[in-house]
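These notes concern the structure reproduced below.
Just follow the structure's listing: the first ligand is 1, and inside any ligand the first atom is 1. Quantities reported herein were computed from a predicted structural model and do not represent experimental measurements.
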Amino acid sequence: MRPETARELVSDAFRRGRMAHAYLLAGSPRGAAGELAVHILQMLACGQDEPPCGACERCRQVAGRAWCDNLWVAPRKKSRAISIEQMRRTEGSRMPPPYLLSWLGKTSFAGGWKAAVLEGADRLNEAAANALLKMLEEPPPWTLLLLLSDAPQALPATILSRCQRLDLDEPPPGLDEPWRSQVLAVLAGPPLSGPVAAMAAAQRLAAVLEAMKKRAGELVRAESHADEAQAEEEADEPVRVGSPAGEEEMEAWIGARYREMRTALLLTMQRWFRDLLALRAGADPAVAHCREHLATLQERARRLTLAQALANVESIEDLARQMERNLPEQALLEYWLDRLADGAA
Ligand SMILES: [Zn+2]
C-alpha cells in the first residue's frame, strides 16, 4: 500500500483508540518504513490537538530519536543480529541497558505511551524472537512495538501472526550520476542494433557496470570498517578481522549492493523504452521519464511500429531475468542490443 494509506490507517485506529499492540512495517528501514515509524511515534508523543504537528518540542525529539519514551533497537554491528542481550539483562553480558523488554515493562517517563522500534526485525535471533513473543502475547498497556523490515518473510510466523502487517510501496531506486547520463548517452547515441553497434554499446554499458562493482566494494568495505570500530566498543563481541568467513560474507554484501545498483541501471533503460512506447502510442510527452532526450525519443518513436516498441519493453524484462542468473553481463547486453528496434536512423 501507499505510505499515505498506511499512515491514515494507523492514525484512524489511534483516534478510535483501536491501535494494534504491534505493527510490522514492511519496507525499507531507511525509507518508507522508517518514515512511517517516526510519524507514528510522533502521533503518540505530540501533545497538540491534531497529532502529530511535526513541529513541537516533542515531535522534534521523536524525530531526533531523543524522546524519553521511545527506544530504537537495531541489529548489532558485528553479528548483524538482534540478540537476547538487547531484549533483557542476561548473565555475563556486558551490554549496557536499556534492554527492550525491561524498558517496555516500566511506566512511561512522560506519562503517556511507550514505544519501541525494532529496525531490521528479520535479524532477531531465535532467543530474542522467543523473548519478544512472550511480550507480544501479553503486551503491557500503553505500549506499542514497531517492527521494521524489508525482508518480512524472514520473520518467524509466530511473531508475524501477532503483528498487524502494513506492506509499504517504495519508490523504485534511482540511478546515481554520472551513471544515469552515461547510460542515456548510450541509448540516445548511434544505432544500437547490428553486430558491430551492439558490441560497442555493450562495451560502454559494461564499463558502467564495472564502475558500479568497484563503488559497491568501496561502500561496503568503508561501512564494515566503521562497524569493526564500533564492535570493538561492544566488548562482549569478539572481533574477527579478515577471517575466511568474514571475507566470504563481505563478498556477499558487495554482491548484494552491486545488484541494487544494476537494478537501477536496468530500470533506467526500461524507462527509455517505456518512453518510446508511450510516445509511439500517442501519450502526452509530459509523462516521459527521460525528458532531457525528448526530441530524440519523439523522432525515434515515429520510426517504430507499436509491436516493436512493445517488444523492446518486454525484452528488457528478459534481460533482467537473465542477469539474475549470473550469465556473463557484457555478452547478455550485446545479444539484447543486437535484437532491438531502437528507431535510430
Ligand atoms: Zn507535535
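Using modelled atom types and a 3.5 Å distance limit, the side chains of Gln270 and Glu317 yield a donor-acceptor pair. In this structure, a donor-acceptor pair under 3.5 Å is present between the side chains of Gln61 and Glu57. With no hydrogens or angles considered, no side-chain donor-acceptor pair links Ser193 and Asp338 at under 3.5 Å.
Counting non-hydrogen atoms of neighbouring residues, nucleotides and ligands closer than 6.0 angstrom, the CD atom of Glu126 reaches no more than 12 such neighbours.
With waters left out, the protein N, O or S atoms under 2.8 Å from the Zn ion (ligand 1) add up to 4.
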Ser108 vs Trp113, side-chain hydrogen bond (donor to acceptor under 3.5 Å, both in side chains): CA-CA, chis, key distance, verdict: CA-CA 6 Å; Ser108 122; Trp113 285 84; over 6 Å; no
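The side-chain tip of Arg300 does not point at the ring of Trp272 from less than 6.0 angstrom away and within 45° of straight on.
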